[in-house]
Amino acid sequence: MCGIVGIVGRSSVNVDLYEALTVLQHRGQDAAGITTCSGQRTHSRKAKGLVRNIFYKRHMKRLKGNFGIGHVRYPTAGTSSASESQPFYTSAPYGISLVHNGTLTNAEQLTQEVFEQDLRHVNTTSDSEVLLHVFANELSHAGDTRFTVQSALNAVAATHRRLEGAYAVVALIAGHGVLAFRDPHGIRPLIFGKRECDGGTEWMFASESVALDIAGFEPVRDVAPGEAIFVTKEGEFFAADCRTGQPLHSPCIFEYVYLARPDSKIDEISVYKSRIRMGNRLAAKIKREWPDHDIDVVIPVPDSSRTAALRLALTLHLKYREGLVKNRYVGRTFIMPGQEEREKSVRRKLNAISLEFKGKNVLLVDDSIVRGTTSRQIVAMARDAGARKVYFASAAPPIRHQNVYGIDMPERTELIAYNRTVEEIAESIGADKLIFQDLEDLIASCSEGNPQVPRFDTSVFDGDYVTGNISGAYLSALEVKRGEDARKNADDDDDDDDGDGDSALN
């Protein structure tokens with residue numbers, strides 16, 4: 001669930017890249033980085049931490065050039081050490097920097113291939129670095145010694161044939177321009193837009209449309225599944241379908257539930273409107289299955305559930321109240337590395353307004369329930385604030401399966417819904433009653449926004465992995481690997497250097 005951005009402008013792009021990363025900060029809070037290019041020389045700054053704490057005036061002055069890329073990191077593959085921050089760089093061929101959102105499901109096999117066949121060295125445990133070396137190797141064999149746009153497009157086609165899993169990528173090729181491509185299923189999002197200026201047309205790629213809006217770029221369209229787009233440093237635009245076969249377009253439905261900002265559009269679907277429809281359908285389920293409810297007030301768990309909760313309250317003709325106040329200086333607990341850190345952050349992040357709870361039957365509405373950590377503590381808060389009864393509703397179905405495409409929910413034992421009934425989940429979080437959205441209603445809430453999307457990746461709810469290559473053995477091995485990474489991350493928290501990361505690469 002990282003955030004990526006790339007810009008080809010007519011003047012310095014460092015400020016626009018910085019602003020775009022601040023808008024995409026919700027997609028990753030572990031690390032951030034920017035690489036720009038002036039002439040044949042690239043300039044990079046990356047480190048652990050939030051965007052605002054990494055880039056200072058002295059760093060921005062060094063990020064020279066009219067094209068560049070940026071990244072905010074949320075670790076799903078590898079560790080959370082400073083060395084895993086992006087962009088990644090390789091000098092051959094031409095000098096390539098790359099940022100990646102997603103997870104490669106055949107990363108282990110590719111790592112071995114890169115070392116034994118491509119004769120390239122992978123210096124981290126990140127699958128993004130593996131992806132960089134796969135693409136670099138294919139580019140080195142895609143044409144003659146001179147770089148051409150066609151050689152870059154050919155290299156993407158060859159890269160698609162080797163990669164499995166989910167990936168949205170933006171790469172900077174030193175002295176030439178910016179390349180963007182998306183996996184053939186279109187699981188992870190990527191959109192592009194343009195901005196007219198006195199010198200001509202400027203181009204921008206980003207994980208979410210809101211980044212284009214903030215920078216004044218007019219959205220053009222989403223990068224199509226399997227498509228590659230190259231924009232030269234002069235602003236010339238080239239695009240090609242680089243897929244083999246015709247896999248179904250299958251965007252991740254969890255983007256609409258939680259990951260994306262409500263003011264974004266992904267694959268032409270408004271995140272905000274999809275959440276309104278989730279509220280409508282959840283209210284319809286309550287009417288259907290609990291017509292004699294005694295709910296006094298609906299209270300959202302801020303922030304991503306607000307839209308659905310308000311619509312649910314209006315549909316059921318119930319009071320809607322903001323009973324939980326959020327400390328905006330604490331990050332999203334879902335994407336924090338480590339269960340202990342998530343548990344500590346819930347109480348620091350939310351505080352109850354007692355007068356909205358005291359003596360009332362309260363329906364708390366959240367976008368989803370993953371581990372149950374937040375839900376359990378919020379239910380306890382509601383009771384401490386004087387609620388008579390505490391009901392809980394989720395705008396998404398129960399999450400019972402691992403995600404392998406770039407969201408950190410790998411271990412089944414961490415998922416509160418795994419091997420539990422709805423009643424058992426309610427008991428575990430301490431709620432008097434629990435209501436989940438039905439999967440078909442969630443799908444309908446999203447597909448109504450763009451009927452041309454043939455399906456969604458709903459694997460966390462139903463275990464149906466759209467790439468079709470995920471076995472039980474793979475999932476078991478992933479659990480072991482992620483457990484090892486979690487322990488390594490805990491050790492690295494004490495040992496990391498300051499991650500200054502300043503460099504000017506040739």
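Throughout, numbering of the chain's residues begins at 1 and tracks the sequence.
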Exercise for review: Assess whether atom CZ of R311 is packed by more than 12 heavy atoms of other residues, nucleotides or ligands within 6.0 Å.
Suggested key: no
Exercise for review: Measure across A211 and A20 and return the closest heavy-atom pair with its distance rounded to 0.1 Å.
Suggested key: CB-CB, 4.3 Å
Review point. Under 3.5 Å, is there a donor-acceptor pair between the side chain of H59 and the main chain of I54?
Key: yes
Exercise for review: Compare every heavy atom of I69 with every heavy atom of A171, then report the nearest pair and how far apart it is.
Suggested key: C-CG2, 4.3 Å
Practice item. Describe, in one word, how the ring planes of Y391 and W290 are oriented to each other, choosing from parallel (under 30°), tilted (30 to 60°) and perpendicular (over 60°). Key: perpendicular
Exercise for review: With the side chain counted from C-beta on, respond yes when I416 and R371 share a heavy-atom pair under 4.5 Å apart, and no when they do not.
Suggested key: no
Practice item. Indicate yes or no for a side-chain donor-acceptor contact from D183 to the backbone of A166 under 3.5 Å, with no hydrogens or angles considered. Key: no
Review point. Does the gap between the ring centers of Y465 and Y474 come in under 6.0 Å?
Key: no
Check your understanding: Would you say the side chain of I266 lies within less than 4.5 Å of the side chain of I191, judging by non-hydrogen atoms?
Key -> no
Review point. For the side chain of S270 and the backbone of K273, is there at least one donor-acceptor N/O pair under 3.5 Å apart?
Key: yes
Exercise for review: Can you label the angle between the F456 ring and the Y256 ring as parallel, tilted or perpendicular, going by 30° and 60°?
Suggested key: perpendicular
Practice item. With sequence neighbours left out, write down each residue that passes side-chain hydrogen bond (donor to acceptor under 3.5 Å, both in side chains) with S264, or none if nothing qualifies. Key: E208
Exercise for review: Check whether any side-chain N or O of T103 sits under 3.5 Å from a backbone N or O of G406 as a donor-acceptor pair, and report yes or no.
Suggested key: yes
Review point. When you measure from the side chain of S97 to the backbone N and O of L172, does any donor-acceptor pair fall under 3.5 Å?
Key: no
Check your understanding: Are the aromatic rings of Y74 and H26 close, with centres under 6.0 Å apart?
Key -> no
Exercise for review: Determine the minimum heavy-atom distance between I407 and C252, stating which atoms define it.
Suggested key: CD1-SG, 3.9 Å
Check your understanding: Short question: side chain of E227, backbone of A239 - any donor-acceptor pair under 3.5 Å?
Key -> no
Review point. Are K48 and E84 close enough for a salt bridge, meaning some N to O gap below 4.0 Å?
Key: no
Point to revise | Flag side-chain contact, heavy atom, 4.5 Å: I369 against F392 | key: yes
Check your understanding: Are any non-hydrogen side-chain atoms of F55 and L17 less than 4.5 angstrom apart?
Key -> no
Check your understanding: So do V370 and L415 actually touch side chain to side chain, heavy atoms under 4.5 Å?
Key -> yes
Review point. Under 3.5 Å, is there a donor-acceptor pair between the side chain of D267 and the main chain of I269?
Key: no
Check your understanding: Is there any side-chain hydrogen bond (donor to acceptor under 3.5 Å, both in side chains) pair reaching into residues 436-454, and which pairs are they, with sequence neighbours excluded?
Key -> K285-D438
Exercise for review: For E202 and R10, work out which heavy atoms get closest and say how close.
Suggested key: OE2-N, 2.9 Å
Exercise for review: Please state whether the rings of Y94 and H176 are parallel, tilted or perpendicular, taking 30° and 60° as the class boundaries.
Suggested key: perpendicular
Point to revise | Residue pair L190 / A168: nearest heavy atoms and the distance that separates them | key: CB-CB, 4.2 Å
Exercise for review: Flag the pair D127 / L131 as yes when at least one side-chain heavy-atom distance between them is below 4.5 Å, and no otherwise.
Suggested key: no
**Study point:** Main-chain N/O of G9 paired to N66 side chain as donor or acceptor, under 3.5 Å
**Key:** yes
**Study point:** Under 3.5 Å side-chain donor-acceptor pair for D457 and S250
**Key:** no
Review point. So, do F192 and V223 sit near enough that their side-chain heavy atoms are less than 4.5 Å apart?
Key: yes
Point to revise | Cation over ring face, K46 and F88, 6.0 Å, 45° | key: yes
Exercise for review: Please lay out, stage by stage, how V114 and N137 fare under the test side chain to side chain contact (heavy atoms under 4.5 Å, CB included).
Suggested key: CA-CA 8 Å; V114 164; N137 180 74; over 6 Å; no
Review point. Thinking salt bridges, do E138 and R162 make one under a 4.0 Å N-O criterion?
Key: yes
Review point. Are any non-hydrogen side-chain atoms of E236 and V149 less than 4.5 angstrom apart?
Key: no
Exercise for review: Could you pull out all residues at least two apart from D263 that satisfy side-chain hydrogen bond (donor to acceptor under 3.5 Å, both in side chains)?
Suggested key: R261
Point to revise | Positive for side chain to side chain donor-acceptor pair (under 3.5 Å) with Y167, one of H160, H185, R182, R188 | key: H160
Review point. Among S304, S305, S394, which one satisfies side chain to side chain donor-acceptor pair (under 3.5 Å) with D367?
Key: S304
Exercise for review: Give a yes or no on whether the backbone of C2 and the side-chain of R27 come within a donor-acceptor separation of less than 3.5 Å.
Suggested key: yes
Exercise for review: Evaluate the side chain to side chain contact (heavy atoms under 4.5 Å, CB included) criterion for residues L21 and V5: first the C-alpha distance (whole Å), next the side-chain angles of each, then the deciding distance (0.1 Å), finally the verdict.
Suggested key: CA-CA 7 Å; L21 293 185; V5 61; 3.7 Å; yes
Check your understanding: Which pair of non-hydrogen atoms, one from I4 and one from V170, has the smallest distance, and what is that distance?
Key -> CD1-CG2, 3.9 Å
Practice item. Spell out, as yes or no, whether a donor-acceptor pair under 3.5 Å connects the side chain of E164 to the backbone of T105. Key: no
